[in-house]
Amino acid sequence: MNQDNKSEFTKCMTKTAKQLLDWYDRNRRDLPWRAAHGESADPYHVWLSEIMLQQTTVATVKGYFEKFLTRWPSVDALAAAPQEDVLQEWAGLGYYARARNLHKCAQVVVEVHQGSFPQTEEGLKALPGIGDYTGAAIAAIAFGEPAAVVDGNVERVVSRLFRVTDALPGAKKVIKAHTAEITPTKRPGDFAQAMMDLGSGVCTPKTPKCLLCPIRGACAAHEAGDMERFPVKAPKKAKPTRRAISFWLEHDGHVLLERRPQKGLLGGMPGLFSTPWEERPAFPAKEEWLTHRPSEDYWKPVEGMAKHTFTHFHLETKLLAAKADSKLNIENGFWHPVADLDAVGLPTVFKKIAVLRP
DNA sequence: GACCCGTGGGA
DNA sequence: TTCCCAAGGGT
């Protein structure tokens with residue numbers, strides 16, 4: 001590409017960014033963490049929302065964002081909270097490492113950065129829970145840095161715009177480079193949000209609404225008529241099914257719960273005691289679950305079964321119930337009032353199992 | 001690069 | 001029902 005063509009190309013892309021920003025101004029959605037037009041966004045709000053929005057829909061995040069902001073109005077307040085309280089408020093949102101890192105990040109911002117977030121992509125990415133996407137998003141939206149913001153929506157939009165035939169996730173580097181080419185130095189934060197809005201509402205995975213697209217004139221896939229081919233993705237693995245038996249032990253209106261280890265699945269969260277979650281064709285027989293029961297009381301099977309799907313496996317669980325003679329002390333166990341079960345903040349999988357109880 | 005890590009909604 | 005996907009990050 002010679003110099004003339006390159007400048008022509010750049011001009012074209014600048015025009016594309018402008019068209020997209022005009023579309024954004026006309027179709028802007030009002031979101032709790034979004035600053036009013038022309039106002040600058042609060043870095044704490046932007047950070048909190050971006051962490052919650054990782055792999056999570058806007059509709060789901062709204063309620064959690066409001067709850068967190070009410071309870072912890074500043075990064076200092078969040079840093080000062082006990083981890084248990086943060087996990088309890090996060091319960092149901094999933095990907096609980098996000099909550100642990102959120103809390104850690106708040107403490108680092110307060111203790112290392114005097115309560116102010118770093119303003120560059122690199123500085124932000126050094127914080128716990130902030131990776132390529134989130135670092136670029138905060139830099140662009142909160143601090144006006146012309147960072148290339150690439151999430152799942154942008155991957156789809158850009159792979160169609162440039163007709164990227166390489167498969168994800170290998171194509172991430174190429175897509176990031178293309179995104180950088182079209183990211184304007186003016187209003188980079190609005191541009192990033194416009195790209196994501198476009199991806200979620202117009203440039204959808206199936207039957208994209210190209211007639212409503214403000215930049216279809218620049219889209220190579222639209223020109224070729226094979227939009228749905230992009231983004232190209234590597235094939236996925238099938239999910240195995242794991243089976244287990246959980247234990248509902250009650251005494252005097254209290255149920256025995258377990259505080260799970262910090263690392264791994266549902267780390268740091270409360271749950272029911274159970275046999276190990278293993279891939280197997282049938283549920284553990286009595287000889288087997290006997291060795292995992294939390295007490296030697298009389299265990300009786302409960303009607304029904306709970307099903308839940310995690311990122312990489314399906315889980316089927318049956319429930320056994322027993323009455324305890326006393327609130328015995330058990331390693332990593334604690335007793336919680338049954339009437340107040342909601343307040344403990346159980347992950348969804350355990351809520352499903354708990355509703356089976358007698 | 002491959003794997004681990006939740007949940008809810010829509011097609 | 002089943003599959004896909006959603007403003008990904010850590011190891």
Side-chain angles (χ1 to χ4, degrees), chain A residues 29 31-34 41 45-65 87 90-102 104-105 124-142 147-157 167-173 176 179 189 191-201 203-207 228 231 233-242 260-269 271 277 307-315 345-352:
Chain A
R29 283 186 298 169
L31 298 173
W33 49 86
R34 202 168 261 185
H45 297 187
V46 174
W47 165 71
L48 181 60
S49 66
E50 288 301 342
I51 301 298
M52 289 182 167
L53 286 163
Q54 289 169 4
Q55 298 288 283
T56 310
T57 57
V58 167
T60 304
V61 165
K62 278 184 182 172
Y64 282 88
F65 179 81
L87 292 181
W90 195 275
L93 247 195
Y95 284 134
Y96 297 96
R98 288 186 297 169
R100 284 177 264 134
N101 284 330
L102 181 85
K104 246 186 277 174
C105 183
L124 288 159
K125 277 171 62 174
L127 295 168
I130 299 182
D132 284 337
Y133 161 75
T134 310
I138 299 174
I141 298 169
V149 179
V150 183
D151 74 328
N153 290 306
V154 177
E155 281 178 352
R156 188 168 54 255
V157 172
L168 286 167
K172 277 179 181 292
K173 208 169 172 183
K176 176 110 176 174
T179 307
F191 177 78
Q193 295 177 86
M195 287 285 279
M196 295 189 278
D197 282 2
L198 187 72
S200 69
C203 195
T204 47
K206 289 176 182 172
T207 61
E228 287 200 37
K233 291 190 176 181
K236 311 188 166 155
K237 290 185 178 177
K239 290 177 184 174
T241 298
R242 301 185 188 179
R260 299 172 63 87
Q262 283 287 319
K263 290 191 182 274
L265 187 67
L266 307 173
M269 300 299 290
W277 297 354
K307 291 187 180 186
H308 189 78
T309 299
F310 291 95
T311 312
H312 52 293
F313 65 91
H314 303 288
L315 179 69
L346 285 180
T348 301
V349 61
F350 291 115
K351 285 190 179 177
K352 289 185 185 175

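Numbered from 1 within each chain, the chains take letters A, B, ... in sequence-line order.
We find that NE2 of His314(A) is positioned 14 Å from C1' of dG6(B), with the value rounded to whole Å. In this structure, Arg100(A) places its CZ atom 10 Å from P of dC5(B), rounding to the nearest Å. In this entry the distance linking CG of Leu198(A) with P of dA6(C) reads 13 Å, nearest Å. Leu168(A) has its CG atom 13 Å from the P atom of dA2(B), to the nearest Å. Put simply, NE2 on His308(A) is 10 Å from C1' on dG8(B), counting in whole angstrom units. For the pair Lys104(A) NZ and dG10(C) P, the computed distance is 9 Å after rounding to whole Å. The NZ atom of Lys239(A) sits 13 Å away from the P atom of dG6(B) (whole-angstrom rounding). Protein atom CD1 of Ile130(A) is 19 Å distant from nucleotide atom P of dA7(C), rounded to whole Å.
You'll find that the side chain of Asn101(A) is closest to dG10(C), out of dG10(C), dA6(C), dG6(B). The side chain of Tyr95(A) approaches dG8(C) more closely than any other nucleotide in the set dC5(C), dA7(C), dG8(C). Side-chain proximity of Leu265(A) to dA6(C), dT7(B), dC5(B): nearest is dC5(B). Comparing dA7(C), dC3(B), dC4(C) by their nearest atom to the side chain of Trp33(A) picks out dA7(C).
Comparing the same atom, P, in dA6(C) and in dC5(B) gives a spacing of 22 Å after rounding to whole Å. Rounded to a whole angstrom, the distance from the C1' atom of dA7(C) to that of dC3(B) is 23 Å.
Put simply, CZ on Phe313(A) and NZ on Lys237(A) are 15.0 Å apart, with the number rounded to the nearest 0.5 Å.
Within the nucleic acid shown, Lys237(A) comes within 4.0 Å of sugar-phosphate atoms alone, with no base atom in reach, counting heavy atoms only. As judged by a 4.0 angstrom heavy-atom cut-off over every strand, Val149(A) is placed among residues making no nucleic acid contact. In this structure, Ile51(A) reaches neither bases nor backbone, as no heavy-atom distance under 4.0 Å exists between it and the strands shown. As judged by a 4.0 angstrom heavy-atom cut-off over every strand, Arg260(A) is placed among residues making no nucleic acid contact. Using a 4.0 Å heavy-atom distance criterion, Leu31(A) is classed as a base contact. Among the heavy atoms of the strands, none lies under 4.0 Å from Gly199(A). Note on Thr60(A): nothing from the nucleic acid sits closer than 4.0 angstrom, heavy atoms only.
Residue order along DNA chain C, read from the 5' end via each residue's closest nucleotide, puts Lys307(A) first among Arg98(A) and Lys307(A). Taking for each of Pro169(A) and Gly264(A) the nucleotide of DNA chain B with the nearest heavy atom, the 5'-most of the two is the partner of Pro169(A). Summary of the strand contacts: Lys206(A) and Gly131(A) both lie near DNA chain C, and taking for each the nucleotide with the nearest heavy atom, the more 5' one is attributed to Lys206(A).
Between Lys352(A) and Lys307(A), the closest side-chain pair of non-hydrogen atoms is not below 4.5 Å.
Aromatic rings from His308(A) and Phe310(A) are positioned such that their centres are separated by under 6.0 Å.
The residue from Gln54(A), Arg156(A), Met196(A) that alone fulfils the side chain to side chain contact (heavy atoms under 4.5 Å, CB included) condition with Asp151(A) is Met196(A).
The base of dG9(C) does not come close enough to the side chain of Thr134(A) for any donor and acceptor atom to sit less than 3.5 Å apart. Residue side chain Thr311(A) reaches the base of dG6(B) through a donor-acceptor N/O pair under 3.5 Å, judged by distance alone.
Ring geometry, Trp277(A) versus Phe350(A): the interplanar angle falls from 30° to 60°, so the pair is classed tilted.
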